[in-house]
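Just so it is clear: chains get the letters A, B, ... in the order the sequence lines come, proteins before strands, and each one is counted from 1.
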Amino acid sequence: MSDIALEERLAATLARLILDPAAPPARHIAVGAASPIPAAACWLVKLLGHPVKLSLLHKRSGNPFTEGTRELFDLTGQGRIDLFFLGGGQIDGQANLNLVGTGEWPGTGVRFPGSFGSAFMYFMTPRTILFREEHSPRVLVEKVDNISAPGVSPPGVFRRGTAQALVTGKCVFAFHPDRARFSLSSLHPGETVDSVRAATGFDFDAEGEIGATPDPTAAELALLRGQVRAEMVETYPEFCGRVWGRAA
Amino acid sequence: MSDIALEERLAATLARLILDPAAPPARHIAVGAASPIPAAACWLVKLLGHPVKLSLLHKRSGNPFTEGTRELFDLTGQGRIDLFFLGGGQIDGQANLNLVGTGEWPGTGVRFPGSFGSAFMYFMTPRTILFREEHSPRVLVEKVDNISAPGVSPPGVFRRGTAQALVTGKCVFAFHPDRARFSLSSLHPGETVDSVRAATGFDFDAEGEIGATPDPTAAELALLRGQVRAEMVETYPEFCGRVWGRAA
Amino acid sequence: MMLPSADALAALVPDGALVALPPDNSLPSVAIAKALIRRGARDLRLLGVPVSGFATDILIGAGCVAEVETSAVSLGEAGFAPRFSAALRDGRIIVRDATCPAIHSMLQASEKGIPFMALRGIIGSDILANRPDWKVIPNPFAEEGMDPIVLLPAKQPDFAVFHAALADSEGNVWLGRRRECATIAHASKAALVTVERVVEGNFLDDERMASGVISATYITATAIAKRGARPAALLDEYGFDAAYVADYARAAKTEDGFRAWLDREVFATAQKVAAE
Amino acid sequence: MMLPSADALAALVPDGALVALPPDNSLPSVAIAKALIRRGARDLRLLGVPVSGFATDILIGAGCVAEVETSAVSLGEAGFAPRFSAALRDGRIIVRDATCPAIHSMLQASEKGIPFMALRGIIGSDILANRPDWKVIPNPFAEEGMDPIVLLPAKQPDFAVFHAALADSEGNVWLGRRRECATIAHASKAALVTVERVVEGNFLDDERMASGVISATYITATAIAKRGARPAALLDEYGFDAAYVADYARAAKTEDGFRAWLDREVFATAQKVAAE
């Protein structure tokens, strides 16, 4: 077995978070555009034999939606989507997301593409896993310049859930909505609490011994490199080529 | 040319009301279920060469709606339906309609089928032609027992239109929303102002000489008995058989 | 989930459930209605989307129904719905009158996961006066105090029950242009669907079919019921059986006539099937 | 109304019009976008339904656009939209950010003829803080003063602009499962549609086709534009042309590069066609 690629580690890490028995069940997961690692995680969960329905929004053949993109939001409004993935150009210590841009509204510094459905999905999905591979003070900031979607809401505001965790290229954070703070859960190989602190713009909790993010198991790696890759190659040819090579 | 059937006279009368140049234009007319005479009037208008779009709700083949019955109401909400027909188990002198039933709500005397879309269509269509062949004090009442849809609305209530006219087996009334009263427009053959008063439970205006409802022209009769019949026979076989006989 | 019969679907519906049914022109599952009668369902609350027809009348006649919410109950050309009229007269059912677009809007609110949807019209009708669950507010986008508008609460049926032409291997069902059934399924907690037949493959892989599909995401259970909409029509597959409804309308004028009709058309059919 | 070309459709769009466009994954008419550039349209207000892609970026780059309302502007795998980013940086366009379901809801409100529609979420975001046209009210169905909820006003575009696979003799267009284009057409004052080809008959007579149809009632004008969605995909007919978009993204990094791209891909094409 060759070296574990970071993408493989991240996919396996996301898969474990999806299967977290302490979290509400993930029977139906939606994965947005341009999210190959979350998509790989979902396929891994499914191919490990767990009963989960996947709605992959940019799968061209067999697109599950017959009401266009509206259907994802309606499905989520109905409470039928249990888990979604979000990222952000900036993510802050209260799990606020900025997908709009830096500087003054609407992004007069660096303009990001925009909020997409985040201002709705983050409230209406029981669980959101935040995922951003780049782990830097530029991305993980004390306070986002603009809030596309807030991490927590005042009492009385209807909200089904918020961030369960934040997975980056360096570590896994758990999110605690009661105190609107992240805590460090595990470190990827080569990282320390200090190295993570140095790369993180927001303050976070790190109590006790912080363990290492587990390696993908041999079975997980085999699935990722075999069946998962096969499922994903139509939608994410570039990603599959880069991580797993062109050959089948 | 054989005698003019009452149904033919009524269809031609409705057609003239549709084409009334003083009324807002009828570019798109919808006709509900179980309305063969209004449907015949609409086909007559179309086959006379006037540019009008017809949505015949219960036409089985070529049903124009692909969002189910909801689409008629959405279309009307959008302002795309210019004219609709309504009737009622009771119709009163203020053009209130009762499609629910007599006695206490929800119709503890005689129960009619129910309001259908009347409580919406009557407000949202610029023009409604009321049509009820039975002209009796039982149907045309001083005050309806229950209001399915009101004839007029207070200022400030959004309303695009109301009744243009009421056509019965005995006469044609015009409706005046400013004073919420009907006035007698024309009398079908054999009727007088007095005979209509005797058969009408509500008070109405009858100023000056009341003319006779014109006969259908020879061209109109030829169309009704020919092309109109041909268009309608699939949807209303029983009606076509009764009025025009089985043979083509 | 594929079940062996409409009766197996009906067994999933507990007494007291709120069951949404399309009317006779939009793919009712009369097969499931008959199965609910056979299973002796009680206290059902029926929602006509947006009106009610044959299936509702037989369920009421058989004593399965406590309450009907609808915009009209009718047998169409065959006249008033006789068992509905009798039950209302005798005070055996509660009738909650609505108006067609209001029922669509209450389901669409549920489909979208919003607590209410606005609707024009209705103001000044006794429908509104008898719906304490509907509210009138001043349109917040109009000038202060002006422009009253009705707000309708979201309605989530326990079960959507309808008939479709086809199911596929994945549990998707296809019903062509009758897309209001999709809204009912989206809005409901569960959907029970009878179909004419099951075909191999996945309709969602076929652009010609996909737009007329309700995806398996929304479908709880399916069973084959040949001519399961009858006497209602099914798209271009079979027409409305006016003679069957006219015969029913005559029989159901009296309680005895209705009972005889039930024995012949609902109970005997099942015995015949069971005996085969 | 059948017109001879996408340019004839573009001629119907006056400067300043509010034009609703689906994004690159949902049948944009890039043919009409290019024709709008050729006709020198100015001050267009674009609505991305619910996000914006290639067509929006080229229209902005060509100086046709005063304002964009959208939930995101992106070239997908090819990265940020370069001409959008440049115009925003230079203050040449107004950007009105929304969130995807809000755009769908504003159009659905227009589709239903209601003045507003509610939507969950959004509260506490700077999207809401920057949308004085959106309102927060206490949910009238909740306890007094509790449960704030966003109300979105109905939005009626002047034009829905998209690409469909087919038109028929009656002016109906067929676009399969991409039914959000139907909502755009229903909500808009007019709809301009390019198609790959026109076929004889009436799609509404065919149950297999009817559910994927937008009826002629909503379609103002249609023209044939072969590969009119390109570089976007068209259902199962042709795929997304990633190389074309990547080439554009490289060229449009600079104003000069963009101008050269326009000359080659928008103006020269028309001259070639005119010369034939």
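Looking only at heavy-atom pairs under 4.5 Å with chain D, the residue among C:M209, C:R120, C:K135 that has the most is C:K135. Contacts with chain C were tallied for D:G176, D:S105, D:P115; D:P115 has the most, counting heavy-atom pairs under 4.5 Å. Considering only heavy-atom pairs separated by less than 4.5 Å from chain D, the leading option among C:N139, C:D133, C:L175, C:D206 is C:N139.
Only the side chain of C:I149 comes within contact range of chain D, judged by heavy atoms closer than 4.5 Å. For a residue to count as touching a neighbouring chain, one of its non-hydrogen atoms must lie under 4.5 Å from one of that chain's; by this rule D:R208 touches chain C with backbone and side chain alike. Contact of C:I137 with chain D is made through the side chain alone, with heavy-atom distances under 4.5 Å.
Listed for the D:S211 side chain is a donor-acceptor partner under 3.5 Å among the backbone atoms of C:G212. Put simply, the side chain of C:R177 gets close to the backbone of D:L204: a donor and an acceptor are under 3.5 Å apart.
Taking both residues in full, the closest heavy atoms of C:L119 and D:I114 are given as CA-CG2, 3.9 Å, listed atom of the first, atom of the second, then distance.
Rounded to the nearest 0.5 angstrom, C:H104 NE2 and D:K112 NZ are separated by 7.5 Å. The CZ atom of C:F141 sits 7.0 Å away from the CG atom of D:L152 when rounded to the nearest 0.5 Å. Going from atom CG of C:D205 over to atom CG of D:D236 covers 10.5 Å, rounded to the nearest 0.5 Å.
Contact of the C:Q108 side chain with the D:Q108 side chain is registered, since non-hydrogen atoms from C-beta on lie closer than 4.5 Å. Taking the side chain as every heavy atom from C-beta outward, C:W174 and D:E207 approach each other to under 4.5 Å.
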